[in-house]
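Down below is the structure, laid out as structure tokens.
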Amino acid sequence: MSDLKQQLAALHDQLTILKNPDADTRQLLGVLLADISRLMHTDASDVSGTASSESSPVETMENVAARFDADHPALSGALRQLLDALGKAGI
């Protein structure tokens with residue numbers, strides 16, 4: 001679990017570097033934070049979406065990382081490392 005904590009710290013560091021994000025970026029970050037919180041308090045068997053049209057938190061985080069690729073590559077990389085750590089933790 002220490003790897004997960006390290007990745008969360010790295011993501012936090014990248015978020016603190018982000019200056020004056022636009023409204024769309026702020027909204028995506030809000031979704032990201034809610035998903036991370038939900039993942040941290042959810043049983044691994046409950047990670048998939050509850051409805052067929054609802055994305056799982058991991059899918060949402062992957063989509064956010066993809067959207068950040070062009071404008072915030074370091075943040076995108078930190079997010080992908082966090083997703084990898086979550087996967088290794090069985091989440």
side-chain hydrogen bond (donor to acceptor under 3.5 Å, both in side chains) with [X]: which residues, sequence neighbours excluded?
{"X": "Thr60", "result": "none"}
{"X": "Arg67", "result": "Asp24"}
{"X": "Asp69", "result": "Ser76, Arg80"}

Measure the [atom1]-[atom2] distance between [X] and [Y] for me, rounded to the nearest 0.5 Å.
{"X": "Leu79", "Y": "Asp84", "atom1": "CG", "atom2": "CG", "answer": "11.5 Å"}
{"X": "Met61", "Y": "Leu28", "atom1": "CE", "atom2": "CG", "answer": "12.5 Å"}
{"X": "His12", "Y": "Ile17", "atom1": "NE2", "atom2": "CD1", "answer": "11.0 Å"}

Would you please name every residue forming a side chain to side chain contact (heavy atoms under 4.5 Å, CB included) with [X], sequence neighbours left out?
{"X": "Leu15", "result": "Leu11, Leu29, Leu75"}
{"X": "Gln7", "result": "Asp3, Gln81, Leu82, Ala85"}
{"X": "Pro73", "result": "none"}

* Cluster link Leu83 to Val31, ILVMFWY, side chain under 4.5 Å ->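 Per the 4.5 Å side-chain linkage, Leu83 and Val31 are not co-clustered.
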
